[in-house]
Peer 1: 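Could you have a look at this structure, given as structure tokens, before my questions?
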Amino acid sequence: MRFAPSPTGPFHIGGARSALFNWLFARRYGGTFIVRIEDTDMERSTRESEENILAALRWLGMDWDEGVEVGGPHGPYRQTERLDIYREYVEQLLQKGCAYRCYCTEEELAAARDALLKKGEMPRYLGRCRSLSPEERVRLEAAGRKPVIRFRVPENRVINVNDLVRGDVSFECNGIGDFIILKSDGIPTYNFAVVVDDHLMSVSHVIRAEEHLPNTPRQILLYDALGWSPPEFAHVSLILGKDRSKMSKRHGATAVEQYQAKGYLPEALDNFLALLGWSPGGEEEILTMEALKQQFSLERVAKSPAVFDLDKLNWLNGHYIRQAPLGEITDLAIPYLEKAGYISTPLSEQKYAWVKMVVDAVREYLTCLSEITDHVAFFFADVVEAEEKEAKEVLAGEQVPAVLAALREKVAGGGEWTQADAKSVLKGAGKETGAKGKQVFMPVRVALTGSTHGPDLSQVMVILGKDKICSRLDRALKMIAGK
RNA sequence: GGCCCUAUCGUCUAGUGGUGAGGACAUCACCCUCUCAAGGUGGAGACAUGGGUUCGAAUCCCGUUAGGGCUACCA
């Protein structure tokens with residue numbers, strides 16, 4: 001198995017899914033997972049994107065047995081470092097007469113294409129340079145034309161692809177046209193480089209996006225010409241945006257790093273991506289990488305394209321945030337809290353323990369980690385203000401001063417306390433004033449947090465600590481009296 | 001335009017000739033509860049369309065329609 005991304009930009013979510021399917025397949029059946037970099041597009045390829053991709057793969061928990069950075073018996077694993085290898089096979093094809101030099105200029109090609117388009121035919125190269133005499137070649141080269149090498153596509157043949165997810169698909173060679181295998185700068189094109197590399201690297205299965213399906217017959221032709229047998233192909237349908245067109249920036253975040261930055265957990269993204277196009281045999285949809293590794297199979301990959309459903313990703317992520325060990329979530333949440341100015345690292349041991357309690361109190365609200373900053377302000381603020389109308393109304397209740405005062409008295413003094421203590425103090429204050437339920441909880445909640453919504457009140461009280469509780473109670477009392 | 005792929009609830013999907021068409025997210029209601037969440041229970045919600053084949057079609061075949069991909073000296 002291999003995953004062969006081209007490093008031409010931020011790592012796309014669709015690429016991540018292709019990688020995942022390849023990785024899962026390799027792990028499920030004990031295969032080798034190779035990461036090869038297809039950087040033959042000199043204009044757009046950068047080292048930076050390559051690193052971005054590798055970092056994303058690692059973050060998502062996909063390790064590779066062979067490939068860039070780890071090496072292996074089939075190296076090098078960057079196509080631009082394999083140029084000599086390709087040249088050798090180009091030479092072979094040239095010798096066999098399966099390929100030839102073409103001197104057409106871009107203008108000439110464009111004109112030919114337009115003409116075909118006008119006639120309603122599939123635009124393709126018609127083989128103008130197929131049989132140039134040596135003299136003509138010399139003349140063209142003398143005129144400064146740099147040739148490309150084209151593959152001679154046989155006529156009147158039908159290529160059958162037995163696709164592992166799509167079944168039998170066939171293409172007519174006549175619709176293909178001689179395609180370029182070596183660009184004028186000596187760099188191979190994608191179609192040629194994949195074939196050479198996949199063969200030399202003993203790739204047995206190629207799992208990739210559906211957009212590559214039309215390339216497959218060309219590649220099969222190349223395998224044929226080189227005397228090699230092609231691997232199995234499996235073309236997975238595309239990931240679509242809300243409007244059902246190929247997922248792109250218009251549809252929101254498409255880069256893996258964007259999800260990472262927002263605070264999505266890799267296990268959630270993996271789980272989600274796996275479910276996009278593949279379905280488990282059973283009804284459980286929450287699956288760890290371990291479970292996916294055991295269950296994944298190409299037979300259960302769907303043929304139809306899938307719309308990226310952010311709601312479902314959010315649900316999965318929320319689930320993983322809630323069930324992960326608190327320490328882990330705390331560590332992941334700290335950068336967001338720091339960035340918002342709530343804390344500064346390094347944290348003392350005490351402060352860390354306290355932050356952990358805060359995280360514990362609010363993590364059930366989160367859909368992604370970055371949202372934590374929307375829920376914690378009152379824990380860090382010096383004073384809180386009841387701003388919502390609803391909150392103000394709560395404080396206006398006639399039993400409120402008595403309740404708050406009673407509570408204030410009970411809280412005073414002593415040091416550490418637990419949630420159970422807080423609960424009993426709350427109950428005591430209620431009993432003393434004859435107020436109960438909402439009548440005691442809500443005003444206290446508003447006085448302490450400024451809002452009518454929030455985490456469990458006793459939990460809030462433990463986290464705030466007695467000092468803050470007292471000062472907030474005092475302030476609330478003063479406000480009410482002042483009115 | 002040409003070539004190719006696809007078509008089950010709003011979304012992701014199960015289904016491979018006989019099912020009350022199942023599940024998940026989202027949605028609605030109820031329960032739990034100091035609130036909001038979370039959690040639990042329940043409801044609503046789909047086989048694009050027209051022809052065949054068959055005793056019987058979501059399932060097989062053909063057309064239509066709709067969506068998508070490709071059509072580069074990009075991958």
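These values consider heavy atoms only, across backbone and side chains, with no hydrogens, waters or symmetry-generated copies. Predicted model only: the values in this text are computed from it and were never measured. A note on names: the letters A, B, ... follow the listed sequences, proteins ahead of strands, and every chain is numbered from 1.
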Peer 1: Whole angstroms only, please: what is the CD-P distance between A:Glu172 and B:C5?
Peer 2: 12 Å
Peer 1: So A:Gly281, base contact, sugar-phosphate only, or nothing? Heavy-atom distance under 4.0 Å.
Peer 2: nothing
Peer 1: What is the distance, rounded to the nearest whole Å, between atom CD of A:Glu284 and atom P of B:A14?
Peer 2: 17 Å
Peer 1: Could you give the distance separating B:C25 and B:C61 at their P atoms, to the nearest angstrom?
Peer 2: 34 Å
Peer 1: Could you work out the separation of B:G18 and B:U33 based on their C1' atoms and round it to a whole Å?
Peer 2: 48 Å
Peer 1: I'd like to know if the side chain of A:Gln219 pairs up with that of A:Asn191 as donor and acceptor (distance under 3.5 Å, no hydrogens or angles considered).
Peer 2: yes
Peer 1: Describe the nucleic acid contact of A:Arg445 in one word from base, sugar-phosphate, nothing, applying a heavy-atom distance below 4.0 Å.
Peer 2: base
Peer 1: Select base, sugar-phosphate, or nothing to describe what A:His212 touches, counting heavy atoms under 4.0 Å on all strands.
Peer 2: base
Peer 1: Give one of base, sugar-phosphate or nothing for A:Val307, where a contact means two heavy atoms less than 4.0 Å apart.
Peer 2: sugar-phosphate
Peer 1: May I ask you to decide if the ring planes of A:Phe308 and A:Tyr259 are parallel, tilted or perpendicular, using 30° and 60° as cut-offs?
Peer 2: tilted
Peer 1: Looking at every strand, decide which applies to A:Asn215 at a 4.0 Å heavy-atom threshold: base, sugar-phosphate, or nothing.
Peer 2: base
Peer 1: Taking side chain to side chain donor-acceptor pair (under 3.5 Å) as the test, write out the residues that go with A:Arg137, two or more places apart.
Peer 2: none
Peer 1: Within the structure shown, what part of the strands sits under 4.0 Å from A:Ser245 by heavy-atom distance: base, sugar-phosphate, or nothing?
Peer 2: sugar-phosphate
Peer 1: Tell which nucleotide pairs with B:G50, taking only Watson-Crick or G-U wobble pairs whose two distances are both under 3.5 angstrom.
Peer 2: B:C62
Peer 1: Would you indicate what A:Thr8 reaches in the nucleic acid, counting non-hydrogen atoms under 4.0 angstrom: base, sugar-phosphate, or nothing?
Peer 2: nothing
Peer 1: Could you tell me whether A:Phe171 contacts a base, only the sugar-phosphate backbone, or nothing, with contacts defined as non-hydrogen atoms closer than 4.0 Å?
Peer 2: sugar-phosphate
Peer 1: Measure from the ring centre of A:Phe441 to the centre of the six-membered ring in the base of B:C34, then say whether that distance is under 5.5 Å and the planes meet at under 30°.
Peer 2: yes
Peer 1: Measure the distance from NE2 on A:His319 to C1' on B:C25 and round it to the nearest whole Å.
Peer 2: 14 Å
Peer 1: Once you measure the plane-to-plane angle for A:His319 and A:Trp315, does it fall in the parallel (<30°), tilted (30-60°) or perpendicular (>60°) bin?
Peer 2: tilted
Peer 1: Counting only side-chain heavy atoms from C-beta out, which of B:C34, B:A75, B:C12 sits nearest to A:Thr40?
Peer 2: B:A75
Peer 1: Categorize A:Asp41 for me: base, sugar-phosphate, or nothing, with a 4.0 angstrom heavy-atom threshold over every strand shown.
Peer 2: sugar-phosphate
Peer 1: Quote, to the nearest angstrom, the C1' distance that separates B:A48 from B:U6.
Peer 2: 12 Å
Peer 1: If I take atom CZ in residue A:Phe233 and atom P in nucleotide B:C4, what distance separates them, rounded to the nearest angstrom?
Peer 2: 18 Å
Peer 1: Mind checking if A:Leu457 touches a base, just sugar-phosphate, or nothing, with heavy atoms under 4.0 Å?
Peer 2: base
Peer 1: Taking the six-membered ring for Trp, is the centroid-to-centroid distance between A:His453 and A:Tyr365 below 6.0 Å?
Peer 2: no
Peer 1: Given that both distances must come in under 3.5 Å, which nucleotide forms a Watson-Crick or G-U wobble pair with B:A29?
Peer 2: B:U41
Peer 1: Across all strands, who's sitting opposite B:A21 as a Watson-Crick or G-U wobble pair, both distances under 3.5 Å?
Peer 2: none
